[in-house]
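For reference, the structure discussed in these notes is given below.
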Amino acid sequence: MFFKKKKIEEIDLLHLPQHIGIIMDGNGRWAKKRGLPRSAGHKAGAEALKKIITEANNLGVKYITVYAFSTENWKRPKEEVDYLMSLLLDYLRNAEKTLAGENVVIRAIGSRKELSQEIQKQIIKTEEFTKNNTGIVMNIALNYGAREEITNAVKEICAEAVNRVIDTSDITENVIENHLYTKNQPDVDLLIRTSGEQRLSNFMLWQVSYAEMWFTDKLWPDFKPADLRCAIVDFQNRGRRFGGV
Ligand code: IPE
Ligand code: IPE
Ligand code: MG
C-alpha cells in the first residue's frame, strides 16, 4: 500500500505518455472466479473503464485507446457477442451524458459495416455530440483488428495510385498513417494489458512500434485508477531510445 501511494506521488505530470493503449482482458475469468456468467464480467469491466477514463483525463493524458471488441471476437458464442454489443451500445449512449460531461471526445475505431445499424447510428451520434470537447480523446476499438486496418489502408492507397492521385514513389510512412483509424494522433507510448496475457492480439500493430509494454496479472474489472498511475510511473522510469543510444 505504501509503495503504491509513493508511486502515485511520483507521477511527473509534465512527461505523461501522450497516448495510452489498453487491452482490457480478463472479464470472463473475473466472472468465473465468482461463479458468475461471463456477461457479469463484461458489465463489471465497463464500470472499471469509466473510472480509468476519468482518471486519465484528470491527469491530463491526451489520447487513450481501449480494446473493446476485436475482429476475432465474433468467434465467441452468439449470446456473448450479443451481450457485448448491447453493453457497447449502452456505453456509447450513456457516454453522451457521463463522459461528455467530463469533456471527453469519443471516437470508435474499427470496421463499422459489420456492426448493427443501431450501433452504427449511435457511434455517429456520440462522435458528433462529443467532437468539440477539449479533454482526452478516447478511441473505442470496436470490431477493431490491426490487420484489417492496415489492409484497408493498403486498399485505399492502391486506389489512389491507380487513379493517379498519388505516385507510388510518394508512399511514405506518413501516407500510410494518414489511412489508419488513428490518423493525426500520436503513436501509442504506453501499452497496458491486464489478465497476465502477454500478447498483442491484433491490437494497433503499427501504432505500438515503440510503445513501452506494461503487463499486470490483475483482471480488467479489478484494474483501478491507482493501477493506471503505477503503470504511468513505471513508464516514466524507462529509458526510451528509439533505436538511438
Ligand atoms: C476481455 O475479457 C473482453 C473482451 C475480449 C471483449 P475476456 O472476455 O477476453 O475475458 P477472459 O480473457 O475470457 O478472461
Ligand atoms: C483481446 O482479448 C481483445 C479485447 C480485449 C477486446 P482476447 O481475450 O480476445 O484475446 P486472446 O484471444 O486471449 O488473444
Ligand atoms: Mg480474453
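Because the structure is predicted, anything quoted here is derived from the model rather than measured. Numbering of ligands and ligand atoms starts at 1, following listing order. Note: hydrogens, waters and symmetry copies are ignored here, and every other heavy atom, side chains too, is used.
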Note to self: Strictly under 2.8 Å of the Mg ion (ligand 3): which protein N/O/S atoms qualify?
What the structure shows: Asp25 OD1
Check: Can you tell me if Ser116 and Gln120 form a side-chain donor-acceptor pair at under 3.5 Å?
Finding: no
Next item on the list: Spell out, as yes or no, whether a donor-acceptor pair under 3.5 Å connects the side chain of Arg193 to the backbone of Arg199.
Entry: yes
Item checked: Any donor-acceptor N or O pair under 3.5 Å, side chains Glu177, Trp206 -> yes
Next item on the list: Mark yes or no for whether Asn139, through its side chain, and Arg107, through its backbone, hold a donor-acceptor pair below 3.5 Å.
Entry: no
Item checked: Any Arg38 heavy atom less than 4.0 Å from ligand 1 -> yes
Margin query: Just to verify, what does Tyr210 make a ring pair (Phe, Tyr, Trp, His ring centres under 6.0 Å) with, not counting sequence neighbours?
Written below: Phe242
Check: Is the shortest side-chain N to carboxylate O distance from Lys131 to Glu127 below 4.0 Å?
Finding: no
Check: Does Tyr181 offer a backbone N or O that forms a donor-acceptor pair with the side chain of Tyr144 under 3.5 Å?
Finding: no
Margin query: Need the ligand 1 atom indices (1-based, order shown) with element for anything under 4.0 Å from a heavy-atom of His42.
Written below: 3 (C), 8 (O)
Notebook entry, point to check: Taking atom types as modelled and ignoring hydrogens, do the side chains of Thr71 and Glu148 form a donor-acceptor contact shorter than 3.5 angstrom?
Noted result: no
Checklist line | Residue pairs involving residues 10-38 (criterion ring-ring contact (aromatic ring centres under 6.0 Å, His included); sequence neighbours excluded) | finding: His19-Tyr63
Check: Judged by modelled atom types alone, do Glu149 and His179 share a side-chain donor-acceptor pair under 3.5 Å?
Finding: no
Can you pull every nitrogen or oxygen pair between ligand 2 and the protein closer than 3.5 angstrom?
from, atom 1, to, atom 2, distance (Å)
ligand 2, 8 (O), Asp25, OD1, 3.2
ligand 2, 8 (O), Arg76, NH2, 3.2
ligand 2, 9 (O), Asn73, ND2, 2.9
ligand 2, 9 (O), Arg76, NH2, 3.4
ligand 2, 10 (O), Arg193, NH2, 3.3
ligand 2, 10 (O), Ser201, OG, 3.4
ligand 2, 13 (O), Arg199, NH2, 2.8
ligand 2, 14 (O), Arg199, NE, 2.8
ligand 2, 14 (O), Ser201, OG, 2.6

